[in-house]
Amino acid sequence: MNGYEFMFILDPTLDDAASLEVVDRVEAIVTAQGGHVVSLKPWERRRLAYPIEGHNEGLYMLCYFDAPPAAITGIRSRVRLTEGVLRFIVLRTDQETRERDQAADIRRRQERAARAAEQAARKQARAEGGGPPHRSSSPGRPAAKESR
Amino acid sequence: MSDRRPMQRRPPRRRSRRRVRINPLLNGVDRVDWKDVDFLREFLGDRARITPRRVNRSPARIQRRIRVAIQRARTMALLPYE
């Protein structure tokens, strides 16, 4: 049995029920091929770096599973044909790396949330006025003369 | 025959090797996670091309991992191709 990291992108326009169906189908594929799903969670709903099948955003799901190596080609081919799955990737990992990645993922999420909250707070404070005027609102410096 | 000047042999020039200063961002980095978009984005230029080692100041080992990670992220539309 080897550890695998598996991420797939769901059609974001599906309603909750349909999305759930697709996810269940994918999970069933893994299990049917002899795999054992360790975790299967939504990862992020985000904008795609380029359009895929006409979509500009997607719902990313991240799954970790263990399976015998012979099962992988079967899983890949079946997932590829699954409606609702726009893209996927299956990679080898091991327990240790998997745990580190999950921890790192959680950490990054927290950092991002903290940064976003800070920015929102700053924006709020600026909107309410007070404090030194923003640099852009004062007349600019005269351009420096060329030295020769 | 006229006299030829004996060939001058120049002393072999020693090439100066300045110590490569490691990119602080890459300090202690061992595993490059293809899912870590924020980290990888630093290594993409304005045309979304992977910046060379010269520019990243990255060790060869890590640059290879960065490249693999970026390519994976690209296939999953986490990073652009262009």
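All heavy atoms count here, side chains included; hydrogens, waters and symmetry mates do not. Worth saying up front: this structure is predicted, and the values here are computed from it rather than measured.
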Hydrophobic clusters here meaning ILVMFWY residues chained together by side-chain heavy-atom distances under 4.5 Å, can you tell me if A:V79 and A:W43 are in one? no

*Is A:V30 linked to A:V85 within one hydrophobic cluster, defined over Ile, Leu, Val, Met, Phe, Trp and Tyr using a side-chain heavy-atom separation of less than 4.5 Å?*
yes

Smallest heavy-atom separation, A:Y50 atom then B:T75 atom, equals OH-O, 3.3 Å

Interatomic distance, CZ@A:R112 vs CG@B:D38, rounded to 0.5 Å, equals 4.5 Å

Under 4.5 Å to a heavy atom of chain A? For B:D36 that would be both

If one checks every heavy atom of A:E44 against chain B at 4.5 Å, the contacting part turns out to be neither

Chain B shares the most heavy-atom pairs under 4.5 Å, among A:D105, A:L91, A:T97, A:I9, with A:L91

Checklist entry - Any link between B:I50 and B:V29 through a network of hydrophobic side chains (Ile, Leu, Val, Met, Phe, Trp, Tyr) touching at under 4.5 Å? => result yes

Quick one: do A:Y60 and A:L86 end up in the same hydrophobic cluster if we chain Ile, Leu, Val, Met, Phe, Trp and Tyr together by side-chain heavy atoms under 4.5 Å apart?
yes

- Message: Surrounding CD of A:Q102 (heavy atoms of other residues, nucleotides or ligands, distance under 6.0 Å), is the total greater than 12?
- Response: yes

Under 4.5 Å to a heavy atom of chain A? For B:L78 that would be both

Within a reach of under 6.0 Å around CZ of A:R109, are more than 12 heavy atoms found that belong to other residues, nucleotides or ligands? yes

Is there a chain of hydrophobic side chains (I, L, V, M, F, W, Y, each step under 4.5 Å between heavy atoms) that links A:I89 to A:F65? no

Closest non-hydrogen contact found for B:M76 with A:F88 is SD-C, 3.8 Å

Next on the checklist: Can you tell whether the side chains of A:D101 and B:R31 come within less than 4.0 Å, N to carboxylate O?
Outcome noted: yes

Cut-off 4.5 Å, heavy atoms of chain B, and the answer for A:I52 is side chain

- Task: I would like to know whether B:V37 and A:R46 meet side chain to side chain contact (heavy atoms under 4.5 Å, CB included); could you show each step before the answer?
- Result: CA-CA 12 Å; B:V37 176; A:R46 64 175 281 154; 4.0 Å; yes

| query | Salt-bridged, A:R108 to B:D33, with N to O below 4.0 Å? | reply | yes

query = Counting heavy atoms not belonging to A:R100, are there more than 12 under 6.0 Å from its CZ?
reply = yes

Exercise. Please say whether more than 12 non-hydrogen atoms of neighbouring residues, nucleotides or ligands are located less than 6.0 Å from CG in A:D16.
Key: no

CH2 (B:W34) and CE (A:M7) are apart, to the nearest 0.5 Å, by 4.0 Å

Any sub-3.5 Å donor-acceptor pair from B:Y81's side-chain atoms to A:A49's backbone N or O? no

